[in-house]
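For reference, the structure is listed below as structure tokens.
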Protein chains: 2
Amino acid sequence: MKKATSGKMKKPATQREEFRGKIIDALAQTMDLYGVNYSFGQLYGIMFFEDKPMTLEKMQASMNMSKSNMSYAVRALIDSKMASKLKEKEERKDLYVAETDFFKAFQSFFATKLQREIDVMRGALDAVIPPLSETILELNTTEEERKLCLEDLHKLKHAVNYYEWLQRFVNDLQSGIYFEGRQDG
Amino acid sequence: MKKATSGKMKKPATQREEFRGKIIDALAQTMDLYGVNYSFGQLYGIMFFEDKPMTLEKMQASMNMSKSNMSYAVRALIDSKMASKLKEKEERKDLYVAETDFFKAFQSFFATKLQREIDVMRGALDAVIPPLSETILELNTTEEERKLCLEDLHKLKHAVNYYEWLQRFVNDLQSGIYFEGRQDG
DNA sequence: CCAATCGTTCAATAATTATTTAACAAATTG
DNA sequence: CAATTTGTTAAATAATTATTGAACGATTGG
């Protein structure tokens with residue numbers, strides 16, 4: 001992804017808006033690093049500075065983009081728990097706020113991604129290890145093939161260990177213990 | 001990114017190759033999650049199973065893709081330290097190996113990404129905080145504008161704390177202390 | 001209960017990214 | 001040192017993803 005050329009954000013009027021723009025760009029670049037659409041990252045940045053809950057209409061105005069795209073964007077942010085929808089509405093319109101605590105945002109974003117990774121890999125490992133083991137155990141498997149299967153199995157067992165460790169890591173991340181030495185909140 | 005339809009991998013001949021294919025697909029999906037080109041992720045998977053060093057030619061044959069693209073792919077893997085180039089060559093051809101220790105691969109991949117994030121964000125914060133502070137200190141700043149700037153400054157200071165914490169986290173990640181409880185190596 | 005409006009989805013289009021082909025410089029062998 | 005051969009890059013093309021506009025059901029306010 002890349003800085004979109006369509007629907008460019010409105011030009012900074014004050015110096016403060018210019019500063020915000022720089023931080024928003026850095027945030028969007030950062031999120032882009034992890035596979036998040038650059039524009040969706042920008043929206044996070046805008047919501048980060050906007051202290052009040054925002055409507056889709058407001059987002060549309062800030063980003064100069066279609067409401068449709070804002071709908072997709074805000075949903076993506078909600079999926080990775082970087083934003084949330086409020087229960088209240090403002091004259092029929094849904095309201096959304098960004099998670100402005102970077103520590104919590106980090107926790108949510110990575111925990112979500114890592115958990116998805118674990119689920120995908122565990123799914124594949126669980127599907128492959130049993131029949132691979134079976135092949136090794138079968139009498140009519142050639143000696144050469146058995147040797148190759150054993151090597152693969154060894155690698156997959158290493159992967160299982162890794163993903164068990166990673167699951168503990170994610171649990172710890174969610175528990176908050178890594179944030180114990182933090183300064184501020 | 002998405003499973004490429006061009007240059008599809010050769011069909012599995014043995015059951016073992018089919019199993020490998022499933023794991024390779026899961027690995028590629030996983031890397032895709034973090035913004036890595038799916039095909040490049042597949043290449044990592046192939047190198048992961050191939051125990052010997054590989055040449056570009058070999059990669060080309062395994063993936064049914066151009067040597068050019070394999071050159072790009074292997075470089076991306078090297079950049080995130082998931083693979084490395086050997087000093088030796090095999091009849092003029094460069095040799096590459098994948099990092100097969102998932103713990104080390106994790107360490108490298110995330111440390112690289114997170115460090116890039118820290119650098120981008122610190123760059124923006126360092127560029128913005130001093131002039132923003134200056135604006136607040138200036139006499140001819142309106143009361144309203146000063147209030148808004150102060151709110152922004154507060155948020156950015158929180159971000160600085162976060163990135164200081166994240167830098168310590170990355171240092172710890174690189175030191176290996178998070179892997180102390182691991183089972184296997 | 002009707003008219004307006006919100007948010008979502010689908011299909012179309014625009015924009016970006018992935019991949020290839022071709023050209024080239026560096027290295028190497030005979 | 002000439003002829004190959006390698007790996008990289010640039011430009012062109014193919015494929016995918018992002019964004020929009022329009023259509024629709026749901027909701028709500030009159």
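Convention: sequence-line order gives letters A, B, ...; per-chain numbering from 1. All heavy atoms count here, side chains included; hydrogens, waters and symmetry mates do not. Keep in mind it's a predicted model, so treat the numbers as computed, not measured.
For B/N69 and C/dT21, the shortest distance from a side-chain N or O to OP1 or OP2 is not below 4.0 Å. For D/dT16, neither phosphate oxygen OP1 nor OP2 lies less than 4.0 angstrom from any side-chain nitrogen or oxygen of B/N37.
Rounded to a whole Å, the OH atom of A/Y38 is 17 Å from the C1' atom of C/dT17. One can place CE of B/M65 at 11 Å from P of D/dA15, the figure rounded to the nearest angstrom. At whole-Å resolution of the value, NZ in A/K58 and C1' in C/dC6 are 18 Å apart. In this structure, the CG atom of A/D32 is 14 Å from the P atom of D/dT17, given to the nearest Å.
Between B/F179 and B/F106, the ring planes lie perpendicular to each other; the angle is over 60°, past the 30° to 60° tilted range. Ring geometry, B/F169 versus A/F169: the interplanar angle falls from 30° to 60°, so the pair is classed tilted. By the 30° and 60° cut-offs, the orientation of the rings of B/F110 relative to A/F110 is perpendicular.
Between B/R16 and A/E145 there is a salt bridge, since at least one side-chain N of the basic residue sits less than 4.0 Å from a carboxylate O of the acidic one. Look at A/E151 and A/K147 and you find a salt bridge, because one of the NZ, NE, NH1 or NH2 atoms lies within 4.0 Å of a carboxylate O, short of that distance.
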Across nucleotides 2-11 of chain D, 5' to 3', mark each nucleotide with B, S or - according to how protein heavy atoms within less than 4.0 Å reach it. --BBSBSBB-
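A cation-pi arrangement is present between B/K113 and A/Y34 under the rule of less than 6.0 angstrom and at most 45 degrees off the ring axis.
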